[in-house]
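Report on one structure; see the data block that follows.
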Number of protein chains: 2
Amino acid sequence: MKEQFRLNNQLCFRLYTASRLITQAYHPLLSGHGLTYPQYLVLLVLWEQDAQPVNDIAKRLKLETNTITPLLQRMEKAGLLLRRKGETDARQMIVSLTPQGKKLQKQLSGVPETVGRSVLCESVTPATLPELYRNLDDIINKLSNKE
Amino acid sequence: MKEQFRLNNQLCFRLYTASRLITQAYHPLLSGHGLTYPQYLVLLVLWEQDAQPVNDIAKRLKLETNTITPLLQRMEKAGLLLRRKGETDARQMIVSLTPQGKKLQKQLSGVPETVGRSVLCESVTPATLPELYRNLDDIINKLSNKE
DNA sequence: GATATTTATATCGTTCACGATGCAAATATA
DNA sequence: TATATTTGCATCGTGAACGATATAAATATC
């Protein structure tokens, strides 16, 4: 048995599992508001800056527009946001929050801390988080360089 | 703008993005063999120990059987494995590799190192990997405690 | 031994991800 | 100003994830 094949040695598997489990931790906090985790990410982006074209949201989340477009359509149908054609560039779709979408920011204000607390443990603490962030950011930057 | 909402502060988003990007890095190495990343994970498990019930594979990958069952069915259809009813317990489905599934182990022997190299960067090195692994394992253990 | 409960897997419906493709608007080039 | 290329978004098909539910076999309880 080649050691390199052992699941215990795989970085990707750990990231994959940790990502799924934290997303599951968000679920009970979001589902009551009819939200999924990727939809919550879209709200985070729009709460920072409202009225963005689809492409800017996609780049921020490092997702393709073919993932985001149907997601935004569902959120529009749910009354959380509006999509209207850009005035200066008719190819763009400008996505903006409805009052309902804005209101969710207050209602979900406890979410980051709740999830944060559920993740802290022996080796992951406020003191060690910056190094973990640096590792993940470096991996993300390394892999998203497309040239 | 509440600081806690900033996407830059979110651990889950980093894990989610890093996981997706590494999975994408596997893609060109696996797609030629007709494999997806989750299917590769199943092979890793079966290469370690052949002829396991569905439940053992699911637990190892921390996935539900309703995710794994259709995945295994697709792999069976692709000729990579067999599913047969357990002899001692007729509820179980024992999953075992076909010769083709076993042969892939040699053909994919370069994959772990290739992906590993594509991830190493300034802050993620052979020296810092153990600490990163420890962080991720702690998060995974914390969140998968179901009691 | 009959009934209830648990366990192992499967099926169904919805929502991502993402490669491939299509299309119209904007821009570049001839 | 025609034509070509690029850009922004949408559509389609496939394969995960996962909550909810179903079903049959094994086990526990009466």
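Here is how names work: the chains are called A, B, and so on, in the same order as the sequence lines, proteins then strands, and each is numbered from 1.
- At a threshold of 4.0 angstrom between heavy atoms, the contacts of Asn66(B) include nucleobase atoms, whether or not backbone atoms are also involved.
- With dA8(C), dA17(D), dG19(C) as the candidates, the nucleotide lying closest to the side chain of His27(B) is dG19(C).
- The distance from atom CD of Glu64(A) to atom P of dC16(C) is 16 Å, rounded to the nearest whole Å.
- Between Leu41(A) atom CG and dT15(C) atom C1' there is a gap of 14 Å when expressed in whole angstrom units.
- Closest to the side chain of Ala90(A), out of dT9(C), dC18(D), dA26(C), is dA26(C).
- Atom CG of Leu71(B) is separated from atom C1' of dC12(C) by 17 Å (rounded to the nearest Å).
- Place Met93(B) and Gln39(A) on DNA chain C by their nearest nucleotides, and Met93(B) ends up nearer the 5' end.
- Taking atom NZ of Lys77(B) as the reference point, atom P of dA10(C) lies 15 Å away to the nearest angstrom.
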For residues 115-127 of chain A, please give each side-chain donor-acceptor pair under 3.5 Å, one per line with the distance, not counting sequence neighbours.
from	atom 1	to	atom 2	distance (Å)
Arg117(A)	NH1	Glu113(A)	OE2	2.9
Ser118(A)	OG	Val115(A)	O	2.8
Ser123(A)	OG	Asn135(B)	ND2	3.0
Ser123(A)	OG	Asp138(B)	OD2	2.7
Thr125(A)	OG1	Ala127(A)	N	3.2
Thr125(A)	OG1	Thr128(A)	N	3.2

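- Whole-Å rounding puts the Lys62(A) NZ to dC18(C) P distance at 13 Å.
- Taking the centre and axis of the six-membered ring of Tyr16(B), the NZ or CZ atom of Arg20(B) falls inside the cone set by 45° and 6.0 Å.
- The nearest heavy atom of DNA chain D to Leu72(A) and to Arg20(A) marks one nucleotide each, and the one closer to the 5' end goes with Leu72(A).
- Across the interface with DNA chain C, nearest-nucleotide mapping of Leu63(A) and Thr88(A) shows Leu63(A) to be the residue nearer the 5′ end.
- Using the six-membered ring where Trp is involved, Tyr40(A) and Tyr26(A) have ring planes that are tilted, between 30° and 60° apart.
- Across dA10(C), dC9(D), dC16(C), the shortest atom-to-atom separation from the side chain of Thr69(B) is found for dA10(C).
- Checking the phosphate oxygens (OP1, OP2) of dT7(D), no side-chain nitrogen or oxygen of Gln92(A) falls inside 4.0 Å.
- Between dA8(C), dA16(D), dT9(C), one nucleotide has an atom nearer to the side chain of Asp89(B) than all others, and that is dA8(C).
- When heavy atoms are screened at a 4.0 angstrom cut-off, Ile68(A) is found touching no nucleic acid atom at all.
- Protein atom CD of Gln73(B) is 13 Å distant from nucleotide atom C1' of dA16(D), rounded to whole Å.
- Of the side-chain N and O atoms in Arg91(A), none sit less than 4.0 angstrom from OP1 or OP2 of dT27(C).
- Residue Leu30(A) contributes atom CG, which lies 15 Å from atom C1' of dC18(D) at whole-angstrom precision.
- Residue contacts shown for Thr36(B) are limited to sugar-phosphate atoms, with no base heavy atom under 4.0 Å away.
- When the side-chain nitrogen and oxygen atoms of Arg74(B) are compared with OP1 and OP2 of dT14(D), none of them lie within a distance under 4.0 Å.
- Counting non-hydrogen atoms of neighbouring residues, nucleotides and ligands closer than 6.0 angstrom, the CD atom of Gln107(B) exceeds 12 such neighbours.
- Here the CG-CG distance, from Leu80(A) to Leu46(A), works out to 10.0 Å after rounding to the nearest 0.5 Å.
- Within the structure, a side-chain polar atom (N or O) of Tyr16(A) is placed less than 4.0 Å from OP1 or OP2 of dA17(D).
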With side chain to side chain contact (heavy atoms under 4.5 Å, CB included) as the test, would you mind laying out the steps for Thr114(B) and Leu29(B) before giving the verdict? CA-CA 9 Å; Thr114(B) 302; Leu29(B) 307 175; 3.9 Å; yes
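- One atom, NZ of Lys85(A), and another, P of dC23(C), lie 15 Å apart when rounded to the nearest Å.
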